[in-house]
Trainee: 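First, the structure itself, so that you have it in front of you.
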Amino acid sequence: MRVEIWSDIACPWCYIGKARFEKGLAAFAHRDEIEVVHRSFELDPHRAKGDTALVLDMLAQKYGRTLDEARAMEAHVASNAQAEGLGYRAEGRDHGNTFDIHRLLHLAKDRGRQNELLDLAYRANFAEERSVFDPETLVALAVEAGLDETEVRAVLADETAYADAVRADEREAAELGANGVPFFVLDRKYGVSGGQPAEVFTQALEQAWAGRALQPVGGGDAAACDVDGGTC
């Protein structure tokens, strides 16, 4: 059975949701028969390449909050991440266009290293002092994930490389009604939206395995990130 996960590296709930999904998958009896595919979704697709801003400034502007209120929002996310055993820097992170990251994730998928690159990019963005919006950092992460440096640099230099694959994922997300991430589709029969608890993912896997019709699962207010703005 295939599980497709639409996400963005700029989304903290995607970072948290991936960890929770993996815990839910570990508790699923048929976990060895599950294929996981990560698909592209840009939270801020209209931001120009190279245009970055501090996350706290972006949050304050997007939601009309003060910087102290933005800090409180990030502290809430950080507590959720830490509860899953994830590192999280609540201040000092930047935010930008993630198109190049998604293109490299498609290259990594072709080379069988997609999950490795995704984990490294999440960790760099949320837990370490490394900007995923810097091209040299992206190259270093891709090489660390097991990709060939020459090939990685060639993809980054050619803005058309894997661009169609990213856009196809995003069109498909729209067709499925996903306007926020993380968004999980199980065997094209069952949908889960947001960073649900691990047990919800286990339940969804069991129900999808049983062949039920596509329907939402879990709480409708599960934390997620919406398009055109980054974190929530």
Trainee: May I ask you to check whether over 12 heavy atoms, not counting those of D148, lie within 6.0 Å of atom CG?
Mentor: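 Correct, the count exceeds 12.
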Trainee: Is there side-chain contact between V77 and N80, with heavy atoms separated by less than 4.5 Å?
Mentor: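 A side-chain contact under 4.5 Å is absent here.
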Trainee: List for me each residue that meets salt bridge (charged side-chain N to carboxylate O under 4.0 Å, His left out) alongside E170, sequence neighbours excluded, and say none if there are none.
Mentor: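 Salt bridge (charged side-chain N to carboxylate O under 4.0 Å, His left out) check on E170 returns R167.
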Trainee: Return the set of residues passing ring-ring contact (aromatic ring centres under 6.0 Å, His included) with H30 (not counting sequence neighbours), or none when no residue passes.
Mentor: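 For H30 the ring-ring contact (aromatic ring centres under 6.0 Å, His included) partners, ignoring immediate neighbours, are F28, W209.
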Trainee: Which pairs, with at least one residue in residues 191-205 and sequence neighbours excluded, count as a salt bridge (charged side-chain N to carboxylate O under 4.0 Å, His left out)?
Mentor: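 Sorted pair list comes back empty.
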Trainee: Evaluate D94 against S131 for side chain to side chain donor-acceptor pair (under 3.5 Å), listing each step before the verdict.
Mentor: CA-CA 7 Å; D94 54 1; S131 173; 2.8 Å; yes
Trainee: Between atom CD1 of I5 and atom NE2 of H38, what is the distance when rounded to the nearest 0.5 Å?
Mentor: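 Those atoms lie 4.5 Å apart.
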Trainee: Rounded to the nearest 0.5 Å, how far does CG of L117 lie from CG of L105?
Mentor: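 If we round to the nearest 0.5 Å, L105:CG and L117:CG are 4.5 Å apart.
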Trainee: Run the side-chain contact (heavy atoms from CB on, under 4.5 Å) test against R89 and tell me which residues pass, sequence neighbours left out.
Mentor: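 Scan of R89 (side-chain contact (heavy atoms from CB on, under 4.5 Å), adjacent residues dropped) gives R93, E129.
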Trainee: Nearest 0.5 angstrom please: L43 CG to C14 SG, how far?
Mentor: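 It comes to 6.5 Å.
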Trainee: Ring centres of F201 and F184 under 6.0 Å apart?
Mentor: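 Yes - the distance between ring centres of F201 and F184 falls below the 6.0 Å cut-off.
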Trainee: For atom NZ of K109, decide whether the heavy atoms of other residues, nucleotides or ligands shown that lie under 6.0 angstrom number more than 12.
Mentor: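 No, because the 6.0 Å sphere around NZ of K109 holds 12 heavy atoms or fewer from other groups.
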Trainee: Any luck finding a side-chain donor-acceptor pair between H95 and D57 under 3.5 Å?
Mentor: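 There is no such pair (donor and acceptor under 3.5 Å, judged by atom type) between the side chains of H95 and D57.
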Trainee: Got more than 12 heavy atoms from elsewhere within 6.0 Å of CD, E144?
Mentor: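 Buried by this count: over 12 neighbours within 6.0 Å.
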Trainee: Apply side-chain hydrogen bond (donor to acceptor under 3.5 Å, both in side chains) to D169 and list each qualifying residue two or more places apart in sequence or on a separate chain.
Mentor: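 With neighbours one apart ignored, the set is R39, H106.
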Trainee: Share the residues that join L54 in a hydrophobic cluster, the rule being Ile, Leu, Val, Met, Phe, Trp or Tyr side chains under 4.5 Å apart at the heavy-atom level.
Mentor: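 L54 clusters with nothing; isolated.
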Trainee: Parallel, tilted or perpendicular for F126 and Y88, by the 30°/60° rule?
Mentor: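 Geometry flag for Y88 against F126: parallel rings.
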